[in-house]
Asks: 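Below is a structure I'd like to ask you about.
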Amino acid sequence: MSTGLIILLIVIAVLVVVAAAALTLRARGPRHGANLKRRFGPEYDRAVARHDGDAKAAERELAERMERHGDLRERTLEPAERERYEARWTAAQERFVDSPGDALAEADRLLAELAGAKGFPDGGHYEEQLAALSVHHAHHVEGYRRVHRVAQARAGGAHDGGAGTEEMREAMVEARALFDELIRSSAHDRGRHRAAADGGHRSPAGRGHHATSVFHRHQAKES
């Protein structure tokens, strides 16, 4: 076999390998994007918007979050810990009636502490903590983002971060969804939490239910 023919065969083989790799990547790409979109939900759309509509760049960012935080295992809270956090959230909700900005600042601190206690990155590293939370609680991190934005603006001297009462109330409601996700460590805990809420006065969870009612009555009065 001549040298020229051998070189030709090698070139053809290389081209076949490259073409097969390209086809594989093309076939995997949409599925990979669909998996990320399903996993991250609204966070996927926010990432795309942050990258000016570049879905590939957004998917690279989300894939990196998965690689860094996908193996994180959340710590189960002790009952006493859970009750302390619930009592603090109830107090923050009650405070919202008279001082919405201060209530949101407390909610921001509380979520940072609670996430840290659950095993997420420390609240002192907000961006990294938020990234980790988005991997495991993608549908509920926006409320934390919103209350943190107001809290930071207030810390910088802006009155209530430029947010109106209704906007802050919506942020607080969204943040409560993340709080509930973090506080309920297992299916068993979720059942206990719901039973406690049904009992009203019998537990911190029940007091939280009452505070939520006050919170929404305040909304109705304001509107």
Asks: Can you check side chain to side chain contact (heavy atoms under 4.5 Å, CB included) on Phe40 and Met66, steps first, answer last?
Replies: CA-CA 10 Å; Phe40 283 92; Met66 287 282 295; 3.8 Å; yes

Asks: Taking all non-hydrogen atoms of both residues into account, name the closest pair between Met172 and Ala103 and its distance.
Replies: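 Smallest heavy-atom distance, with atoms named: CE-O, 4.0 Å.
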
Asks: If I take atom CD from residue Glu86 and atom CD1 from residue Ile183, how far apart are they, to the nearest 0.5 angstrom?
Replies: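 So the CD of Glu86 and the CD1 of Ile183 are separated by 5.5 Å.
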
Asks: If every non-hydrogen atom of Trp89 is compared with every non-hydrogen atom of Arg176, which pair is closest and at what distance?
Replies: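 Closest approach of Trp89 to Arg176, heavy atoms only: NE1-CD, 3.1 Å.
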
Asks: Looking at CG of Leu178 and OH of Tyr144, how far apart are the two atoms once the value is rounded to the nearest 0.5 Å?
Replies: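 Nearest 0.5 Å value for the CG-OH distance: 8.5 Å.
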
Asks: Should His69 and Ser134 count as side-chain neighbours, where that means a heavy-atom distance under 4.5 Å?
Replies: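 Side-chain contact under 4.5 Å: no.
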
Asks: Between Phe120 and Glu128, is any pair of side-chain heavy atoms under 4.5 Å apart?
Replies: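 No - every pair of side-chain heavy atoms lies 4.5 Å or more apart.
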
Asks: Looking at every non-hydrogen atom in both residues, tell me the closest pair between Gly70 and Val135 and how far apart they are.
Replies: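 For Gly70 and Val135, the tightest heavy-atom pair comes out as CA-CG1, 4.1 Å.
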
Asks: Any Lys/Arg nitrogen of Arg65 or Glu61 sitting under 4.0 Å from an Asp/Glu carboxylate oxygen of the other?
Replies: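 Judged by the 4.0 Å cut-off on N to carboxylate O distance, Arg65 and Glu61 do form a salt bridge.
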
Asks: Is the shortest distance from a Lys or Arg side-chain nitrogen in Arg75 or Glu81 to a carboxylate oxygen in the other one below 4.0 Å?
Replies: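 Counted as a salt bridge, because a side-chain N and a carboxylate O are separated by less than 4.0 Å.
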
Asks: Return the CG to NZ distance between Asp45 and Lys37, rounded to the nearest 0.5 Å.
Replies: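 Between Asp45 CG and Lys37 NZ, I get 5.5 Å after rounding to 0.5 Å.
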
Asks: Between His148 and Gln129, does any side-chain donor sit less than 3.5 Å from a side-chain acceptor?
Replies: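 No.
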
Asks: For the NE2 atom of His136 and the CD atom of Glu181, what is their distance to the nearest 0.5 Å?
Replies: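 These two atoms lie 12.0 Å from each other.
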
Asks: Could you check if a side-chain atom of Val147 sits within less than 4.5 angstrom of a side-chain atom of Met168, using non-hydrogen atoms only?
Replies: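 In short, these two side chains do not touch, never coming nearer than 4.5 Å.
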
Asks: Report yes if some heavy atom in the side chain of Val150 is under 4.5 Å from a heavy atom in the side chain of Arg146; otherwise report no.
Replies: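 They are not in side-chain contact.
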
Asks: Knowing that exactly one of Val141, Leu111, Leu72 qualifies, which makes a side-chain contact (heavy atoms from CB on, under 4.5 Å) with Leu133?
Replies: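 With Leu133 as partner, side-chain contact (heavy atoms from CB on, under 4.5 Å) holds for just one option, Val141.
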
Asks: CZ/Phe179 to CZ/Arg184 distance, rounded to the nearest 0.5 angstrom?
Replies: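 Between atom CZ of Phe179 and atom CZ of Arg184 there are 10.0 Å.
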
Asks: How far apart are the closest heavy atoms of Pro42 and Ala138, and which atoms are they?
Replies: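 Pro42 and Ala138 have their closest heavy atoms at CG-O, 4.0 Å.
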
Asks: At their closest point, which heavy atom of Leu104 faces which heavy atom of Phe96, and how far apart are they?
Replies: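 In this case the closest contact between Leu104 and Phe96 is CD1-CE1, 3.6 Å.
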
Asks: Rounded to the nearest 0.5 Å, what separates atom CG in Leu182 from atom CZ in Arg82?
Replies: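 Leu182 CG to Arg82 CZ: 13.0 Å, rounded to 0.5 Å.
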
Asks: Does this structure show an ion pair linking Arg145 with Glu174, if we count only N-O contacts that are shorter than 4.0 Å?
Replies: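 Result for this pair is no, no salt bridge flagged.
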
Asks: For His125, look at atom NE2 and say whether over 12 heavy atoms of other residues, nucleotides or ligands are found less than 6.0 Å away.
Replies: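 Result for NE2/His125: open.
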
Asks: Which pair of non-hydrogen atoms, one from Gly33 and one from Tyr44, has the smallest distance, and what is that distance?
Replies: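 Between these two residues, the closest heavy atoms are O-CE1, 3.9 Å.
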
